[in-house]
Structures are given as C-alpha cells and as structure tokens.
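Read the numbers this way: they start at 1 and go in the same order the structure lists the ligands and their atoms. As the structure is a computational prediction, the values presented were derived from the model and not from experiment.
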Amino acid sequence: MGLYTASDGHVDPYSLTQAIAKGARKYGALIFQGLGVTTLNLREDGRWVVSTTEGDILANRVVNAAGFWAKEIAKLAGSDLPLVPNHHQYLVTSTVPEVKALKREIPVLRHLEGSFYLRMERDGLLIGPYESTHTMRQCEDWMWNGVPEGFGKELFEPDMDRLEPHLEIAMQLVPCFADASIQSVVNGPITYTPDVLPLVGPDMLPNMWLAAGFGYGIIHGGGMGSYLASWIINGQPPFEMTECDPLRFGSWTTNDYVLAKARESYGMNNAVTYPHEERFAGRPTSRVSGAHEVLESEGACMQIHSGWEQPAWFTSPGQQPQYCPSFQRTNWHEAVEKEVDLVMTSAGIIDLTPFAKIIVQGRQAAAFMDYMTANSVPPLGRTVITHILSPTGHVYAELTVTRTHEDTFLVITGSGVELHDLRCWKLRNFGVECVASGERFQDVGR
Ligand SMILES: Cc1cc2nc3c(=O)[nH]c(=O)nc-3n(C[C@H](O)[C@H](O)[C@H](O)COP(=O)(O)OP(=O)(O)OC[C@H]3O[C@@H](n4cnc5c(N)ncnc54)[C@H](O)[C@@H]3O)c2cc1C
C-alpha cells in the first residue's frame, strides 16, 4: 500500500535562498555576507550592540537564526538553547539508465520500514536514510565544548556501514538502484531540538528572537519567516503555534536530555506514531513530584508533560502499569473510565505539583495584576480565574490568581507555559518582584 502526495516535490536550496534574499532586498533589507557576529551586548535601552568582524551594529532587535551555530550565538547573549546537531547522510548515484529514460520526474518516495527517502537527482537517484536510534551519531562534543572554531560548511566523514541496512531495502524496492554506482556521500550536521519542532518566537531576553532548530529546515523556511515577521511587526503572532514557542523548554532541559531526546526523535523519524504516544528517552528529568514514589506504589502509569512525570492512569489489581499503544481501545481505557466515574460520583485526590506557581509581590503588586489581567483583582484570601490578553484582545494566558497577602499574589498556570506567561510581564515598570519555580525575576518584559 502507498500514499501519493500530488503536490510533493523538491527545490534547489541555493536558488530558494537567493530568491528569498532578492525578495528581502526589494523591501529594503540589507544583506551582509562573510562577516561573523562575535559578541552581543544588551544596552539599558533594550537595544543590542551586535559586534561583528566588520564593526558594530546597533540593533532594535536580534533574530538568532544561526542554524547549528545558534547555541553559540545564544551563549554570546548569556543564555543557552536546547539544540544538538545530528549527523545526517545522503548519497547520490551516477546516471541510472532507467532513470534517464523517464519522461517526467518521479515523486519523492518515502519508505517507512527502510526509513529513507529516495528521489531523482538529475539522471541518477538520491537516497537519504534516517538511521536507527542505536546507530545514528550526534555532535555530542559540541554540546559541551561548542562548535569547533572555523567549522563552516565542512562535512563529516561518510559512514557506509550505518547506511547499509537502509540501502539493502532500497535495492529491493527500486531494483535499478542495486546496479548504480555511488557518485558521492554527504554527511552533515542537522540541528535538532528534543521534540524536532523548531524554536520560533521571542526568547526571555529583551528583543532577542529565535528562528532555530529546523530539523527539516528548508521546507519550513518561507512559512516561519512570514510567521516571525508578522509577530515582530504586529506585536503578536498571526496565529498560535505554542508548540514551537522557544520557552516550552527551561532549565530542566539539560544537555543530557537534549542528546537523548534528539537521538530518539531522529531514530523514530519514520516510525509509526500512535495516539497519546509516550516516548521514554531522557526520563525522568529533574521534574519529579515529591509524591512520585507514593503514586507509583499506588499503581500509577506515568506520562511526561513539559518534563514532568505525572500519572496518566492507575492500574487495577493484577494489571501491570505498562504503556501499550494502540489505534484501538488501549489497556488504560477501562482504568480511566473507572477513575472518571469515581471522581464524578465520590472524590479524587490529584497531585497538582506540575502546575507552575508564581509569586508576585511588592507595594505595586495589586496595580500590576490589575494592569496585566482582564478580570478584577481578587480581595485578600480570594481566588479568581483571569486572563492575560494580547494587544488585540486574544487570550495570551489563563491564570488562577489568589491574593495571599495585601501585596502578594499566588499565580498558578500550566506547567508548559510558565516562561511563556512570564515573558510579557513588565515587572520593572511596577517595581514588583516575581518568584517562579524558585527562580527570581526582576524584569523579563520586552
Ligand atoms: C545532509 C543534509 C541533508 C539535508 N536535507 C534536507 C532536505 O532534503 N530538506 C530540507 O528541508 N532540509 C534538509 N536539511 C536540513 C537543512 O539544511 C537545514 O535544516 C537548514 O539549512 C537550516 O536552516 P537554518 O537557516 O536554520 O540554518 P543554516 O542554513 O545553517 O543557516 C545559518 C546561517 O547562520 C550563519 N551564521 C552562523 N554563525 C554566525 C555568526 N557568528 N555570525 C554570522 N552568521 C552566522 C551561517 O553562516 C549560516 O548562513 C539537510 C541537512 C543536511 C546536513
């Protein structure tokens, strides 16, 4: 069985880049080639001094779109990014008579079991495997020691042994490939985030924007450029893409976690995915509730959300807390049904540890909450559900706010949006202080 995508195709990356550059110049962009950013310094007024090998540039905002160097650029600004380059290989054959004889280009072929894509490249074939989790290689050293000085468009040594299992399947599928001679093998760094989605949007630092971590880079280029430009110009994104928000990761996303997750994601590139899928690499992170062991001893089967291990369902006596994915009814169906019934008809205790908790305090705390949120500020001892709105009135965040003292508020929000919600808070304007997950913020606003 196969699926045919009529609009599938390929584009020459060099020509595409030149076309986008031509369009940018038409609208006034200046493009400087061959100079490197060496330092980044944030001024009091929120602007950045971008020092380059050809002199300084004073920038209202900076977009870090430096591919596998993006982690290095972030370090220049005093932050870090959850990125790691994986080795990615493809090979090109010399002329294949059967391919040369074709009257039109064949579609790109993706084979899931062989884990490769295959397409025409001039009169030959190009095949790009996604190697398995166990065999693939990563630039692990770069994670700890940085990209080696001077590493530019260089490539790594090809490794045919790792490609072989994929090529054997390709030969069975496309017999003319078996007789072709290999013209070249390319092995280069391809930048991965832990979940393979890119980092697109504002970082925590003022006027620092990100467009990095494109594991499938070129296909995202135009859309992401337009999305980011619209956000920068209008002060809000044209539509929500929180799954790509750079602040979905935080200090819990260690280098070890990034390495393990990027390895798993790359190796499972062509794996069948299931509804409510769980993946286990890099777990547990540091985000483990104090009730974790008690919950496990009560039969909790854990799932991960924003780094937190949290119970997905509880086993019945005699049942194993085992993750068994399925396209049909799963092994947790009846357990969840029973739990819902019990909570609805009697009671349940839920561990809310993973929710993000933020304490806002200071003489101006009430004025600050009134400015930031749409609902009324609660009186002492009371709680409200309230929202932070975008400039045009869209919901940016939903918060549960409790006034614990006259000048102190406990704010509860989702575990995955803590930094996202904090990003828009102009704390300094109100002289308030904010403590979130043990980290202290004076001002994270833009
Ligand atoms: C072997 C291989 C095959 C691939 N095949 C495909 C494919 O078939 N389809 C696909 O869509 N993608 C593919 N990719 C992925 C794709 O190439 C990348 O995802 C894409 O290039 C990433 O784009 P980017 O703009 O984020 O980064 P890059 O293209 O790496 O651009 C980053 C830019 O930042 C610049 N820069 C870095 N440091 C500095 C500094 N200090 N100062 C100034 N500038 C700096 C660099 O010079 C570079 O121009 C492949 C990658 C590899 C390695």
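Closer than 4.0 Å to atom 29 (O) of ligand 1 lies none of the heavy atoms of the protein. For atom 6 (C) of ligand 1, no protein heavy-atom neighbour is present inside the 4.0 Å cut-off. Contact annotation for atom 49 (O) of ligand 1: protein absent (non-hydrogen atoms, distance under 4.0 Å). Note that atom 23 (O) of ligand 1 has no protein non-hydrogen atoms nearby, at separations under 4.0 angstrom.
For ligand 1 and Gly188, the ligand atoms under 4.0 Å from any heavy atom of the residue are 53 (C). Heavy-atom proximity to Gly36, at under 4.0 Å, picks out these atoms of ligand 1: 42 (N), 43 (C). Atoms of ligand 1 found under 4.0 Å from any heavy atom of Ile73 (numbered from 1 in listed order, with element): 40 (C), 41 (N). If you number the atoms of ligand 1 from 1 as listed, the ones under 4.0 Å from a heavy atom of Ile219 come out as 11 (O).
Side-chain atoms of Glu105 and His10 include a donor-acceptor pair closer than 3.5 Å. Judged by distance alone, the side chains of Gln89 and Glu131 do bring a donor and an acceptor atom under 3.5 Å apart. If you check the side chains of Thr392 and Gln236, you find a donor sitting under 3.5 Å from an acceptor. Gln310 and His305 are not linked by any side-chain donor-acceptor pair at a separation below 3.5 angstrom, with hydrogens and angles left out of the test. In this model, no donor atom of one side chain and acceptor atom of the other lie less than 3.5 Å apart for Ser51 and Thr38. In this model, a donor atom of one side chain and an acceptor atom of the other lie less than 3.5 Å apart for Tyr266 and His88. Thr254 and Asp256 are not linked by any side-chain donor-acceptor pair at a separation below 3.5 angstrom, with hydrogens and angles left out of the test. For Thr373 and Asn375, the side-chain atoms include no donor-acceptor pair closer than 3.5 Å.
Leu35 O, 4.3 Å is the protein heavy atom nearest to atom 44 (N) of ligand 1. Counting only heavy atoms of the protein, atom 11 (O) of ligand 1 lies nearest to Ile218 N, 2.9 Å. If you check which protein heavy atom lies closest to atom 14 (N) of ligand 1, you get Ile190 CD1, 3.9 Å. Protein heavy atom nearest atom 20 (C) of ligand 1, with residue, atom name and distance: Gly217 CA, 3.8 Å. Considering only non-hydrogen protein atoms, atom 26 (O) of ligand 1 sits nearest to Phe214 CD1, 3.5 Å. Of the protein's non-hydrogen atoms, Val37 N, 2.7 Å is the one closest to atom 42 (N) of ligand 1. Protein heavy atom closest to atom 8 (O) of ligand 1, with residue, atom name and distance, is Tyr117 OH, 4.1 Å. Among protein heavy atoms, atom 45 (C) of ligand 1 sits closest to Ala66 CB, 4.6 Å.
For atom 4 (C) of ligand 1, the candidate residues are Arg119, His88, Glu72; the nearest heavy-atom contact is made by His88. Among Tyr216, Phe68, Tyr90, Trp69, the residue whose heavy atom lies closest to atom 37 (C) of ligand 1 is Trp69. Here atom 53 (C) of ligand 1 lies nearest to Pro189 when heavy atoms of Gly215, Pro189, Pro85, Gly67 are compared.
Using bins of under 30°, 30° to 60° and over 60° for the plane-to-plane angle, the ring pair Phe68/Trp142 lands in the tilted bin.
Counting non-hydrogen atoms of neighbouring residues, nucleotides and ligands closer than 6.0 angstrom, the CZ atom of Arg122 reaches no more than 12 such neighbours. Within 6.0 Å of OH in Tyr216 there are more than 12 heavy atoms belonging to other residues, nucleotides or ligands. Atom CD1 of Ile219 sits in a sparse spot, with 12 or fewer heavy atoms from other residues, nucleotides or ligands closer than 6.0 Å.
Residue Ala65 touches ligand 1 through its backbone alone, judged by heavy-atom distances below 4.0 Å.
A salt bridge links Glu277 to Arg279: at least one charged side-chain nitrogen sits closer than 4.0 Å to a carboxylate oxygen.
Thr38 does not count as a contact of ligand 1, since none of its heavy atoms falls under 4.0 Å from the ligand.
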